[in-house]
Amino acid sequence: MAGASLIPPGETLAGIGRAVTAVPIRHPLNRRWWIAFAGAMALLAVFAVALFWLLFEGVGVWGNNNAVVWALDIASYDWWIGAACGSLLVSATLLLLGAEWRGAINRVAETVALLCTCAAGLYPIIHLGRPWYFYWNLPYPNTFSLWPQFRSALVWDAVDIVSFLVVCVSLWYVGLLPDLAALRDRAFTEAMRQREARALTRGLAMMRARTYGLLASGWRGSAAHWQLWLQGYRTIALLGVMLVVCVQTGASVMFAGSVMPGWHDTILPVTFLVNAVFSGVGLTGAIVVLIRAVYGLDGLVTERHLGLLARLLLGLGCASLYCYATEFFSTALHGDPYERGVLARRVTGEHAAAFWTVLACLLLPAQVFWSARARRAPLAVAGVGILVAVGAYADHVMVLLVTLGQNFLPAAHEPFRETVWGIATFAGSVGLFLVLLLLFLRYLPAVSITETRRLALAAGARTGRETASDRPEPDPEAMEPGTPLWGISARFATEAELAAAAQAVASLTAARNGGDVHLDGHGPVPMPRVTRALGLEGRTIRPYALGGALLGGLGFYGMCVYASAYHYVFLIGGRPRFSWPSFVVPSFAFAMMSGVVAIHLALLVLNRLPRLNHPAFNIPGFLRASEDRFFLSVQAQGEGFEVERIERRLAGLPAGAGRPLEIRRIPR
């Protein structure tokens with residue numbers, strides 16, 4: 001089978017769920033986690049001290065001067081946002097391409113993208129010097145009727161980082177939503193066990209289960225939920241890919257808009273995008289190997305996963321090497337003297353260490369993966385990933401410092417010297433990333449349970465062994481007399497049996513009851529056959545994405561035009577009143593954010609979430625709907641509900657072709 005080498009033989013859906021949820025529920029390696037967390041908190045304390053001194057003395061503590069107005073601060077911002085773009089692009093691309101092995105990678109990649117964006121988002125704020133006035137960058141009615149300068153690259157950065165953060169949060173949360181439900185049910189089972197044992201931590205266990213329940217927003221694995229979830233997840237991924245391209249190519253447009261040599265090569269947008277993806281994959285690969293080794297997830301993150309990551313790093317390494325070679329030869333053969341001077345200073349100048357770090361860490365290490373043995377070595381994947389991240393940071397430093405340190409005026413030449421406060425600020429941002437990453441590893445599933453289960457089913461995995469609770473009840477009328485009836489539930493071992501039963505009941509109710517019942521299926525994975533049996537395949541969420549993106553993009557573009565060309569005209573250097581190209585980049589980023597927000601809201605509203613208390617949760621054994629069992633719910637919606645007829649129809653289905661393991665009547 002396609003996924004046979006990615007899933008160990010004999011693996012079950014329940015086993016996958018238990019292996020992943022055991023980390024946040026049981027907290028293995030608790031002492032080691034606290035040691036790592038203490039180290040990360042120490043770095044975060046360094047960040048707090050650096051920020052205090054920055055606000056006390058001003059941004060001059062970073063060593064910036066009149067010539068090098070951007071230094072480690074913008075290099076750090078570009079590095080963080082580049083790693084975020086790369087991680088998001090990897091996860092989204094694997095999702096859109098339907099890569100079978102993405103389950104062990106996409107959750108870490110999405111988390112890395114989100115946390116890198118959080119670290120990057122701090123730099124534009126603290127770079128203001130007076131961050132408590134950050135809202136001056138926002139278009140809001142103010143006393144002086146002033147607007148932000150929408151032609152400024154600084155405003156582009158503000159719009160880009162907010163849009164990127166919204167997209168990252170939405171992609172991360174939507175992908176995590178079904179796993180949160182699995183974690184909720186596992187935590188509730190653990191809380192009940194501790195309550196029966198009268199354990200000292202039973203109160204904490206129940207609070208944890210309730211917290212996961214709130215985060216899961218009442219997700220119950222409904223076929224309708226899964227159908228829109230798949231569409232929403234993939235559409236958000238598509239918008240995220242478009243935003244990544246916009247952010248990285250937009251950065252090269254900002255550089256090209258200046259007169260500085262070395263920033264105008266036409267391959268620069270491709271170089272920025274390739275290096276961003278390269279650093280994101282490197283960071284993701286290193287963290288995946290770390291999680292695999294520390295938590296013993298060798299069965300879910302296999303050697304084939306590592307091999308595929310290594311091949312991806314090798315391909316990106318070759319692409320990055322090609323981009324650098326093209327820029328080098330283009331500048332050497334056809335560039336003007338100023339661009340050649342920049343190239344010479346990169347190799348032999350004051351900051352030549354950055355160039356040689358790029359060569360030693362970014363361009364060469366990935367070539368080791370031409371060896372099949374290296375591709376199977378976890379330490380090689382982790383080591384190359386870390387080296388790539390270091391090399392990518394050196395690349396940002398090289399591009400900024402070498403170019404800005406010497407411009408066309410000899411009187412403006414002023415060398416830049418790194419200061420301890422600039423280094424401490426970056427180290428502190430790394431501490432923030434590590435603190436958030438450790439909290440994620442402790443309290444949330446690090447591997448996508450849903451995607452791994454889908455791969456396991458494709459590889460022929462079993463749903464789980466039959467237990468005593470799966471045996472049919474002899475008396476389906478176990479409710480108290482006079483209790484209002486909500487409907488009927490039936491439990492199945494596979495999606496195929498659920499789909500057959502749903503088709504049979506749908507045919508029966510269509511002929512007898514009309515609209516007196518509502519059918520729904522519930523399971524631990526997306527159920528396309530059940531969706532077709534219930535007639536839900538026509539539902540779509542894509543028009544909301546398109547409408548939200550168009551309204552947001554056109555609205556922001558109209559605001560830029562109104563503010564800059566009519567209400568607050570501020571022309572410099574003969575720029576035309578209607579300089580529309582300046583408004584494209586932020587408008588496109590805002591459009592992607594608006595489309596994602598529309599999808600997220602539509603996903604919740606159309607699925608009627610959050611709904612923390614639903615009658616389906618009263619179905620006996622319903623917790624296994626997030627583990628390894630499938631349920632059919634037949635909800636009564638009128639007086640003509642023929643409960644006995646539906647029960648007889650379900651019980652009369654052939655074994656293995658729709659006959660339930662159990663039939664129950666569910667009270668309201």
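Keep in mind that the numbers below use all heavy atoms, side chains included, and drop hydrogens, waters and symmetry copies.
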Under 3.5 Å donor-acceptor, [X] side chain and [Y] backbone:
{"X": "Arg234", "Y": "Leu95", "value": "yes"}
{"X": "Gln231", "Y": "Ile541", "value": "yes"}
{"X": "Arg184", "Y": "Trp219", "value": "yes"}
{"X": "Arg107", "Y": "Gly175", "value": "yes"}
{"X": "Arg491", "Y": "Glu662", "value": "no"}

Restricting to non-hydrogen atoms, name the atom on [X] and the atom on [Y] that form the minimum distance, rounded to 0.1 Å.
{"X": "Met593", "Y": "Val167", "answer": "CA-CG2, 4.4 Å"}
{"X": "Tyr173", "Y": "Ser217", "answer": "OH-OG, 3.0 Å"}
{"X": "Phe433", "Y": "Cys116", "answer": "CE1-SG, 3.8 Å"}
{"X": "Asn106", "Y": "Ser448", "answer": "OD1-CB, 3.5 Å"}
{"X": "Leu43", "Y": "Gly431", "answer": "CB-CA, 3.5 Å"}
{"X": "Ala533", "Y": "Ala499", "answer": "CB-O, 3.7 Å"}

Would you say [Y] and [X] are linked by a side-chain donor-acceptor pair, where the criterion is simply a distance under 3.5 Å?
{"X": "Thr12", "Y": "Asp628", "answer": "no"}
{"X": "Trp80", "Y": "Ser429", "answer": "yes"}
{"X": "Ser633", "Y": "Asp520", "answer": "no"}
{"X": "Glu110", "Y": "Ser87", "answer": "no"}
{"X": "Thr450", "Y": "Tyr233", "answer": "no"}
{"X": "Gln227", "Y": "Thr531", "answer": "no"}

Practice problem: Mind running ring pair (Phe, Tyr, Trp, His ring centres under 6.0 Å) on Phe631 and Phe622 for me, showing each step along the way? | Solution: CA-CA 8 Å; Phe631 290 81; Phe622 190 73; 5.4 Å; yes
Answer yes or no: does atom [atom1] of [X] have more than 12 heavy-atom neighbours from other residues, nucleotides or ligands under 6.0 Å?
{"X": "Leu379", "atom1": "CG", "answer": "no"}
{"X": "Phe37", "atom1": "CZ", "answer": "yes"}
{"X": "Arg442", "atom1": "CZ", "answer": "yes"}
{"X": "Arg195", "atom1": "CZ", "answer": "no"}
{"X": "Arg659", "atom1": "CZ", "answer": "yes"}

Could you list the donor-acceptor pairs under 3.5 angstrom formed between side-chain atoms of residues 597-621 and any protein atom two or more places apart in sequence or on another chain?
{"unit_1": "His600", "atom_1": "ND1", "unit_2": "Ser170", "atom_2": "OG", "d": "2.8"}
{"unit_1": "Asn607", "atom_1": "ND2", "unit_2": "Leu603", "atom_2": "O", "d": "3.2"}
{"unit_1": "Arg611", "atom_1": "NE", "unit_2": "Asn613", "atom_2": "O", "d": "3.4"}
{"unit_1": "His614", "atom_1": "ND1", "unit_2": "Ala616", "atom_2": "N", "d": "2.9"}

Practice problem: Output the distance between atom CD1 (Ile449) and atom CG (Asp179), rounded to the nearest 0.5 Å. | Solution: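 Here the rounded value is 4.0 Å.
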Quiz item: What distance separates Phe164 CZ from Thr117 OG1, expressed to the nearest 0.5 Å?
Solution: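 Answer for the CZ-OG1 pair, Phe164 versus Thr117, is 4.5 Å.
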Less than 4.0 Å between a side-chain N and a carboxylate O, is that true for [Y] and [X]?
{"X": "Glu495", "Y": "Arg629", "result": "no"}
{"X": "Glu647", "Y": "Arg665", "result": "yes"}
{"X": "Arg193", "Y": "Glu196", "result": "no"}
{"X": "Glu537", "Y": "Arg532", "result": "no"}
{"X": "Arg26", "Y": "Glu190", "result": "yes"}
{"X": "Glu451", "Y": "Arg453", "result": "no"}

Practice problem: Apply the test side chain to side chain contact (heavy atoms under 4.5 Å, CB included) to residues Thr284 and Val90: give CA-CA distance (whole Å), side-chain angles for both, the deciding distance (0.1 Å), then the verdict. | Solution: CA-CA 9 Å; Thr284 300; Val90 168; 5.9 Å; no
Quiz prompt | Aromatic ring pairing Trp33/Tyr443, orientation class (parallel under 30°, perpendicular over 60°, tilted between) | solution =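 The arrangement is perpendicular - the two ring planes meet at more than 60°.
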Quiz item: side chain to side chain contact (heavy atoms under 4.5 Å, CB included) between Val517 and Gln635: does it pass, once the steps are laid out?
Solution: CA-CA 5 Å; Val517 300; Gln635 179 184 354; over 6 Å; no
Practice problem: With side chain to side chain contact (heavy atoms under 4.5 Å, CB included) as the test, would you mind laying out the steps for Leu204 and Met207 before giving the verdict? | Solution: CA-CA 5 Å; Leu204 181 61; Met207 183 178 68; 3.4 Å; yes
Quiz prompt | side chain to side chain contact (heavy atoms under 4.5 Å, CB included) between Leu650 and Leu632, intermediate numbers included | solution = CA-CA 10 Å; Leu650 287 171; Leu632 174 67; 4.2 Å; yes
